[in-house]
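Proteins get letters first, then strands, A, B, ... in listed order; numbering begins at 1 in each. Computation of the quantities below employed the complete heavy-atom set of this structure, encompassing side-chain atoms and omitting hydrogens, waters and symmetry-equivalent molecules.
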Amino acid sequence: MDITIDDDQRLLRDTALAFAQKALTPARIRELETTEHGFDAKVWRQMAEMGWAGAVFPEEYGGSGAGLLELALIVEALGQAAVPSPIYSTVVEAGLLLLDAGSPAQRENYLPRIAAGDAIMTTAITEPGGGLAPGEIRTNITPAGNGFTVNGTKLFVRDAGAAEGIICLGRSGKGETDLTLVIVPRDAPGLKLRRLQAAGGESLWEAIFDNATVDADAIVGEPGGAWPHVARLHLRGAALKSAELVGIGQASLDLTLSYSKTRIQFERPIGSFQGVQHHCAEMYRDLEVSRLLAWQAAASLGEGLAGDRETAMAKAKTSEAMPALTRTAHQIHGAIAYYRDYPLELYYHRAIAAQAAYGDAGHHRRALARLLREDLGRFRGDSPHDLPVHYV
Amino acid sequence: MDITIDDDQRLLRDTALAFAQKALTPARIRELETTEHGFDAKVWRQMAEMGWAGAVFPEEYGGSGAGLLELALIVEALGQAAVPSPIYSTVVEAGLLLLDAGSPAQRENYLPRIAAGDAIMTTAITEPGGGLAPGEIRTNITPAGNGFTVNGTKLFVRDAGAAEGIICLGRSGKGETDLTLVIVPRDAPGLKLRRLQAAGGESLWEAIFDNATVDADAIVGEPGGAWPHVARLHLRGAALKSAELVGIGQASLDLTLSYSKTRIQFERPIGSFQGVQHHCAEMYRDLEVSRLLAWQAAASLGEGLAGDRETAMAKAKTSEAMPALTRTAHQIHGAIAYYRDYPLELYYHRAIAAQAAYGDAGHHRRALARLLREDLGRFRGDSPHDLPVHYV
Amino acid sequence: MELKLTADEAAFRTEVRDFLKRELTPEVWQAHRDLNEQGMWTPDFTKAFRRKLGAAGYIGMGWPKEYGGGGRSRVYQAIFWDEMEYHRAPGLDRSITYVPNAIMALGSAAQKADLLPKMSRGELSWFVGYSEPDAGSDLASLKTRAVEDGDHFVITGQKSFSSDAHMADYGWIATRTDPTSSKHRGLSMFIVDMTLPGVTVTKYPTLAGWTHHAVHFDQVRVPRSMMVGELHQGWKVVMGAIDFERAALSGAGLVGYQFDRLLAWCMQDREGAGRKLDDPLVQDELVRLAIEAEGARLMSYWLASLHAKGFKPQHETSLALLVKRETARRLDVAGLELLGPFAPLRTGSPWAALEGEVEVEYRDHLYFQFAAGGFDITRNVVATRGLGLPR
Amino acid sequence: MELKLTADEAAFRTEVRDFLKRELTPEVWQAHRDLNEQGMWTPDFTKAFRRKLGAAGYIGMGWPKEYGGGGRSRVYQAIFWDEMEYHRAPGLDRSITYVPNAIMALGSAAQKADLLPKMSRGELSWFVGYSEPDAGSDLASLKTRAVEDGDHFVITGQKSFSSDAHMADYGWIATRTDPTSSKHRGLSMFIVDMTLPGVTVTKYPTLAGWTHHAVHFDQVRVPRSMMVGELHQGWKVVMGAIDFERAALSGAGLVGYQFDRLLAWCMQDREGAGRKLDDPLVQDELVRLAIEAEGARLMSYWLASLHAKGFKPQHETSLALLVKRETARRLDVAGLELLGPFAPLRTGSPWAALEGEVEVEYRDHLYFQFAAGGFDITRNVVATRGLGLPR
């Protein structure tokens, strides 16, 4: 057992952070929030050149075969520097979905271009009900001629405006999980996109499929066999958003510590007041617990384990604790950080968005409750204990 | 509207507190915890002489016709001084139950003697399931000869060892609330009592009714009509335990404040440290909110209103907040109060017992959720608002 | 203890509610909302509405009759504040709460005669100038100077975090008049006409959308007659006045509105996902919130009752404001969680839930945590002033 | 990152678990439990069991080989601590954690040669004498004097809150050797044989049931050779040693046991009331607790991993102990609530749930909140030593 990252991983994280912290100024980040695409294409290309876009793909697709933990460390660094990028849409969602479920032709078409930073791709899964359960999917994918027709409304589609294609989940039969994935080109007739405005700067879209038609080879994986892949996608997203939240928390704590050491009130640095010290210790406590849970989630998914329990724990914890941390950071800063030009606000907004993504805390606690009902044994730690003899 | 107590009530509270704080030394209170009856009969008689045992009875039964809020103020004072008494068993439970539901003969027999401090009475309701729902009652009350036979096991019967009679709730038919109350004399054949040992010093008992027989006139109220009276009893108990918890919290805060002002560490009174100040402010905040909720609960029950929402809110809040307050009190005191001879431990234990009595916080939140499902309107404050026009 | 409103109080509540519904129709709402203003109404509408409050008698209704007030008990004021907050009406700010009460308590006869009638008609807008860049929580370290010069004082310095300064007719300004004394001593309070030469207002956008202001005073000549209280006794004025605002702000209308709004969301039948309200965990969360909201409501009417009975609550006012604002923050956070993926959607976005209000307030109400003492300093105040712990 | 135990680690865990189950059978449990002792076992059994731990090689397994240790990595020690706590075994205290590590790091060659072999065999019991009636959180203000007298120091004073002093062979005693210097300066550390003339131990019952002790030193003559570290350098010894105990105490076995015990209760089918586990609100609470417990488990193995890789965690040790103890307290409180009316029933009472353990621990674990720094001082330590905030 080893609950630390190794030297290579540490180096990766440090490199990623150093790059991310220099990639964009806070002013430029704020400016990007008002643009349609929400990210800086040049920066994304630089990230691709550093190997991050393809990090988790096998070498044959231009990747470096790294694990999900490595991707989590990159995402943590991006979160810590508040750098927007299409890494979720293109890598975490579409890229790994195509790697999991795509045909050889699809993989060869998309993955190398994604790795090179040439292709933006995304997925369209959630619908107006807002939940992540398969039963909420009402979009229909019906056979039509030599291909399929897609009808339905999707929300929270990341980077749809920049993507060349959207992998859309739809219902292809009557069973609850009779669901299928098809790739819809962004310019397909019958596809309408509308930008949503959301805290945190991610570029989220509504996508209305109104008799959008695609060819037979647009299907990803087996017809009716989409759900396990989508469930895995949700887990990956949740684990990585947990890591991003840790980065958000770390940046918020860092800002708070440096402010507390220099801001003088009542003739002392405010960081010398016990109240501020207790707040900071509490922030740090939650941050370190969150970090370990997030790393564990990414590592267990990356190792091909179920990872559902670990991911739900990580996302449930980080989704509550990191936004709370940003609130405390503001409480300590006071009015200065309430201004739009102080960088703390970036993290405040990103925490709102990240806690909501891929299932909020309540969603993941409900998922854990389901696991608890199904298999109590999994809640007794890494190596299940028997109860001592007097409780058997 | 007036959310304060009036001068008479204030005087009553001050008088009760002054008496209670002098009635017993901490050492004597600890000693009483080891006795079978758990209270000091002489002190109970003094309380009766001051009019407290009969306070809430009409004058015709030797009472003074005071309201439940007055009784709550007395109980708050008793909680604040950690004085044990049979006021719950005899007045809150049996006395008011007989006043509500008893026959004229029963009232005349018991109430004046209760008011005079001559009779201890109690009730037996909860069963080994531990809940307060009517469906959990499995004790049977069956007609036999000229009266009834009682069979079943009751738990948490207050003061059974000292009571002349136990009013027992049992099932008399098949409907969920087909429940009946009968008075069983403590020395009835077939009634076995066993003392439970519990934190907080109340004298709680197991009562096993094994073919205990009573006469026809032992019945309290209509056969099958017991539940509304018992539900009311539970509400009264919960409201008054809320008030007791407030007294417990007040005493704990008072001890903490006086310790914090005098204990020197790091060359300053510990109460000058911001950490301690924040803890104390938090304790005080929870105490004052709890007090208002508890008063409101007692007042609304006393006025004959439903009081169910108010009581459940009060008990849910005080059952969590006041034990938490005692934990913080200990945290501030440190080792000194961890010793058995420091009075804070009395309140620590009483808070454990009081939060569990008449439904814990979870029970009352579930009750509120039921009310919420049944009538949303009752959750919009004293005077229901319409939502502003843009949400209609 | 009287848990219900009296018939007269209930009638007053109905009257206020009818007034607010009549004045703040959906059309008015659409026409005059402005997310870029604190309070989220345009300055013009706020000023016009304040005059209507004055004309309806609501501003002065609790003032003593000697100042042309209605002499109604604090319970009526609490009802008014409650309804104003619940209906998100503009104008419930220092211009009708803090400042007139402070002037009644501490102003000169001339100030009272000149200003109170205008204020009771809702004609004046104010900002409060305490905070400076280096004097936030530590108010007493403020540096804005006022130098005596004949019949005038010449004010130079900068006030920051000054809400609504851009629409203010007057500033309520704390200055240092004795530079040789430090901290609480040597301060004096002035009423400053914002049209005087040397006053400039600079905008700073906040993360909540609206703008804060910095106010610069460059050799602003203020007549001595506009000093409030004695020379060098400004700290007393600050401390004496501060409770007035807290009392008005501690009303529970906001909290009630937040709760009801969440209920409305939970009652919606969402396509494919059912009603949130049918989930036992959501019920439990709502119940927890309802308990906290009830606590805040009781605290606010408790405070009003104490006033109505002639008591003079002091630290209790800070406590009630803390309870209200902490409860509001709990509701903000609960809203964020209940709205799930819709939580981040902003006002104006397609699919924004509850018009994006939860997201706006989750940001906006941040200032509850640090302003007017905030959560931490208020705890210190309660601990020292209320519980007698040593400083 | 390697989330699972290696095969060898897993085998070791099985070995320890088998050892504990074999040694702590229900019969042994019945025969040697004593609620009036900290750790809830009789002193005799604790001492005997500690010898068994020594014989099995568990005490010295992580010590360097030069001290006769097994040189196993900290991960193995963490597994051992974890299992010890989970099975509520006696003897996981300063006698095998804190003191031997402190002596290895700071003791003289003679002390090491004399004491370490005995300690690795589990033959010695210790108490730690830091706290005094006026020196609790503020350790540096201690007053117990040690006066040099030839080859000896003469110790006079009183130590309080001294767990297990009644069964100790030695005390690990902080004294003031230079009365002219104050606070952290002028302290020296001694190992005191508890059989020396002038040592008396007084019992004080705690609210948890067991007894704390005060230890009085009346002119106790201690040989100079029993001083640890340099004269007047005792504060360094205290600070250097304190992390050893925290590391051992931060194991997550207790938390795992508390959680599993609550699960066992929730799985019981209660007459007329069904299984708690079937209630969605109970599931949610259990899930919340499971997340916290998982956090504590990860922290404890994170700390072990850092040690195993050669890092020297310092404030991280305090943090891990804080997380573990706060989690344990959350579990105590959750237990109280889940047990409903059964919560107050004490061990031995008819109908006591889970043998009354939840109620005992709800009281007992109070000391987590204030002892060894407690929640507040630990936060200060983390903020200053860990986060670099100014003192």
Side-chain angles (χ1 to χ4, degrees), chain B residues 126-133 135-138 155-156 194-200 202 204 206 263-267 270 273 275-276 279 319-320 323-324 327-328 330-342 344-345 348-349 352-353 355-357 359-363 365-366 369, chain D residues 131 133-141 160-161 182-183 204-209 211-212 270-274 279 281-282 285 329 332-333 336-353 356 359-360 362-364 366-371 374-377 379-380:
Chain B
T126 307
E127 304 203 355
L132 302 181
E136 286 193 30
I137 302 301
R138 301 187 167 193
L155 299 186
F156 312 113
R194 195 159 55 137
R195 176 73 194 267
L196 309 177
Q197 279 86 48
E202 259 194 310
L204 301 177
E206 174 198 56
R263 168 73 171 175
I264 307 291
Q265 289 279 276
F266 306 103
E267 284 141 30
I270 62 169
F273 286 95
V276 172
H279 280 315
S319 291
E320 282 193 351
R327 293 193 295 276
T328 308
H330 271 286
Q331 184 166 320
I332 294 170
H333 274 85
I336 182 90
Y338 198 58
Y339 291 140
R340 189 90 169 92
D341 62 358
Y342 192 92
L344 189 57
E345 64 101 23
Y348 194 75
H349 299 148
I352 297 172
Q355 64 83 27
D360 59 19
H363 169 86
R365 279 198 301 269
R366 284 171 179 82
Chain D
S131 295
D134 291 325
S137 302
D138 183 12
L139 257 192
S141 66
S160 54
F161 320 133
S182 72
K183 304 299 287 185
Y204 292 95
T206 70
L207 63 85
T211 46
H212 253 166
R270 297 200 65 77
E271 203 184 332
D279 180 336
L281 296 180
V282 171
E285 177 66 8
R329 285 307 269 162
D332 289 335
V333 172
L336 207 68
E337 176 139 342
L338 280 169
L339 297 188
F342 299 94
L345 295 186
R346 290 191 158 162
T347 303
S349 175
W351 297 97
E359 193 270 340
V360 169
Y362 180 81
R363 287 183 282 138
D364 181 30
L366 253 183
Y367 77 84
F368 288 177
Q369 297 187 228
F370 58 80
F375 292 174
D376 290 328
I377 302 289
R379 281 200 171 75
N380 287 2

Which residue out of [options] racks up the most heavy-atom pairs below 4.5 Å with chain D?
{"options": "B:Tyr342, B:Tyr338, B:Tyr339", "value": "B:Tyr338"}
{"options": "B:Ala199, B:Gly129, B:Gly362", "value": "B:Ala199"}
{"options": "B:Glu320, B:His333, B:His279, B:Arg327", "value": "B:Arg327"}

Taking every non-hydrogen atom, the tightest pair across [X] and [Y]:
{"X": "D:Ala208", "Y": "D:Asp364", "result": "CB-CA, 3.5 Å"}
{"X": "B:Ala356", "Y": "D:Gly340", "result": "CB-O, 3.5 Å"}
{"X": "B:Ile332", "Y": "B:Ile270", "result": "O-CD1, 3.9 Å"}
{"X": "B:His363", "Y": "B:Leu132", "result": "NE2-CD1, 3.6 Å"}
{"X": "D:Pro133", "Y": "D:Ser160", "result": "N-OG, 3.2 Å"}
{"X": "D:Ser141", "Y": "D:Asp134", "result": "OG-O, 3.4 Å"}

Within this structure, what is the CG-CD distance for the pair D:Leu366 and B:Gln331, rounded to the nearest 0.5 Å?
9.0 Å
OG1 of B:Thr126 to CD of B:Glu136: how many Å apart, nearest 0.5 Å?
8.5 Å
Within the side chain of B:Glu345, is there an N or O that forms a donor-acceptor pair under 3.5 Å with the backbone of D:Leu207?
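A pair under 3.5 Å: no.
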Within the distance-only criterion (no hydrogens, no angle test), does the side chain of B:Arg340 pair as donor or acceptor with the backbone N or O of D:Tyr204 below 3.5 angstrom?
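Between the backbone of D:Tyr204 and the side chain of B:Arg340 there is no qualifying donor-acceptor contact (under 3.5 Å).
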Is it true that the NZ or CZ of D:Arg329 lies under 6.0 Å from the centre of D:Phe375's six-membered ring and within 45 degrees of the ring axis?
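No.
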Under a 4.5 Å heavy-atom cut-off, does chain B meet the side chain of [X], its backbone, both or neither?
{"X": "D:Val333", "result": "side chain"}
{"X": "D:Phe368", "result": "neither"}
{"X": "D:Glu359", "result": "side chain"}
{"X": "D:Asp332", "result": "neither"}
{"X": "D:Ala135", "result": "backbone"}
{"X": "D:Asn380", "result": "neither"}

Could you tell me which portion of [X] (side chain, backbone, both or neither) has an atom closer than 4.5 angstrom to a non-hydrogen atom of chain D?
{"X": "B:Ala133", "answer": "neither"}
{"X": "B:Glu206", "answer": "side chain"}
{"X": "B:Ala335", "answer": "both"}
{"X": "B:Arg138", "answer": "side chain"}
{"X": "B:Arg365", "answer": "side chain"}
{"X": "B:Leu155", "answer": "side chain"}
{"X": "B:Gln355", "answer": "side chain"}

If you tally heavy-atom pairs under 4.5 Å against chain B, which of [options] wins?
{"options": "D:Asp138, D:Leu345, D:Thr211, D:Thr347", "value": "D:Asp138"}
{"options": "D:Arg379, D:Glu285, D:Arg363", "value": "D:Arg363"}
{"options": "D:Tyr367, D:Tyr362, D:Phe342", "value": "D:Tyr362"}
{"options": "D:Pro205, D:Gly274, D:Ala352", "value": "D:Pro205"}
{"options": "D:Pro350, D:Gly136, D:Gly209", "value": "D:Pro350"}
{"options": "D:Ala273, D:Gly348, D:Pro341", "value": "D:Pro341"}

Short side-chain donor-acceptor distance under 3.5 Å, B:Tyr348 and B:His330
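On atom types as modelled, these side chains do not qualify, holding no pair under 3.5 Å.
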Give me the ring orientation class for D:Phe161 and D:His212: parallel if the planes are under 30° apart, tilted from 30 to 60°, perpendicular past 60°.
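If you compare the ring of D:Phe161 with that of D:His212, the planes turn out tilted.
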